Student: 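Mind having a look at this structure? Questions to follow.
Everything numeric in this text was worked out from a predicted model, so none of it was measured.
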Amino acid sequence: MADKSNRYRVLISKIFFDRYVPGVAVLEFEREALEHSAAELGIRLPKNLGDVIYSFRFRTALPNDILATQPAGMEWIIEGAGKAAYRFKLVRINRIVPRADLVRIAIPDATPEIIRAYALDDEQALLAIVRYNRLIDTFLGLTTYSLQNHLRTTVKGIGQIEIDELYIGLDKRGCHYVIPVQAKGGKDQIGIVQTNQDIRFVEQKFPGLRARAIAAQFMEDQVVALFELALVDDDVRVVEERHYRLVPARDLDREAIRTYRE
């Protein structure tokens, strides 16, 4: 694994510095650059070329030599730029992490034990917990329905994307909503790349519906943080944040249930 990670770092660094000029904010490249650069370096590529790019977009920090070129308050991201095309782009640092000072709202845990027993990873478990406990409904004040999860599709100007889960919602006035949800477990952080592609997807595919982008983050002690996010001038902004603690029904605070107010 370490060998693969090192190969990926060397490869992405070459692609970056073959195009980098101090002062630039956008560096575009195509997927075939992976093959050309790997051949020059004598690096063995994986069968799935997209895994190299995906790892740095969503899972792994960019190499230190690339990070060293970041101006203060800015960071490099890799975003889709069309079919088999990508770009390094400088954006303001805007990782979303749960606040430490928010109240934790107790919710009776409705997750089936068999689901907890066989969930394969943090992301899958988190999506299931959100779904079975209807946390999207509670958070947004809508009636929502899961339309599809792990949706792989394409977005014009971005290329291929994957949405963790897509909901359709309905409010009391009959207005319809499309709600893309991204799930982050462990130490993963919510960032601009997935939020941007989720919002662009629903704008293109569901132009007649209102879009509300949601991110879910596992915290400690059976707490799920939910965020409603929006893009403002290419920056991710938090519209609302709530923390829900899943507990057995017998452990609910009856006084809090009667007296809780915003």
Student: Between Thr154 and Lys83, is there a side-chain heavy-atom distance shorter than 4.5 Å?
Tutor: no
Student: Are any of the side-chain nitrogens in Arg104 or Glu220 under 4.0 Å away from the carboxylate oxygens of its partner?
Tutor: yes
Student: Taking only Lys NZ, Arg NE, NH1 and NH2, and the carboxylate oxygens of Asp or Glu, determine whether Arg99 and Asp101 approach each other closer than 4.0 Å.
Tutor: yes
Student: For residues 65-90, pull every pair meeting ring-ring contact (aromatic ring centres under 6.0 Å, His included), keeping only residues two or more places apart or in separate chains.
Tutor: Phe16-Trp76, Phe16-Phe88, Phe29-Tyr86, Phe29-Phe88
Student: Can we say Asp171 and Arg210 salt-bridge, meaning some charged N sits less than 4.0 Å from an Asp/Glu carboxylate O?
Tutor: no
Student: With the side chain counted from C-beta on, respond yes when Arg200 and Ile161 share a heavy-atom pair under 4.5 Å apart, and no when they do not.
Tutor: no
Student: Flag the pair Asn6 / Arg9 as yes when at least one side-chain heavy-atom distance between them is below 4.5 Å, and no otherwise.
Tutor: yes
Student: For the residue pair Asp164 and Asp198, establish whether any side-chain heavy-atom pair is separated by less than 4.5 Å.
Tutor: no
Student: Got a sec, which residues hit salt bridge (Lys or Arg N to Asp or Glu O under 4.0 Å) with Glu113, two or more places apart in sequence or on another chain?
Tutor: none
Student: Step through the shown structure and confirm whether more than 12 heavy atoms of other residues, nucleotides or ligands are within 6.0 Å of OH on Tyr132.
Tutor: no
Student: Only one of Arg57, Gln160, Glu162 clears side chain to side chain donor-acceptor pair (under 3.5 Å) with Gln197; which?
Tutor: Arg57
Student: Below 4.5 Å, heavy atoms only, C-beta onward: do Ile43 and Lys14 meet side chain to side chain?
Tutor: no
Student: Roughly how far, to the nearest 0.5 Å, is CG of Leu142 from CG of Leu170?
Tutor: 8.0 Å
Student: Answer yes or no: is there a side-chain heavy-atom contact under 4.5 Å between Tyr8 and Thr60?
Tutor: no
Student: Do Ile15 and Leu34 come within less than 4.5 Å of each other through their side chains, counting heavy atoms only?
Tutor: yes
Student: Which residue is it: Thr144, Val224, Leu126, Ile214? I am looking for the one with a side chain to side chain contact (heavy atoms under 4.5 Å, CB included) to Leu135.
Tutor: Val224
Student: Does a sphere of radius 6.0 Å around CZ in Arg245 hold more than 12 heavy atoms from other residues, nucleotides or ligands, not counting ones at 6.0 Å or beyond?
Tutor: no
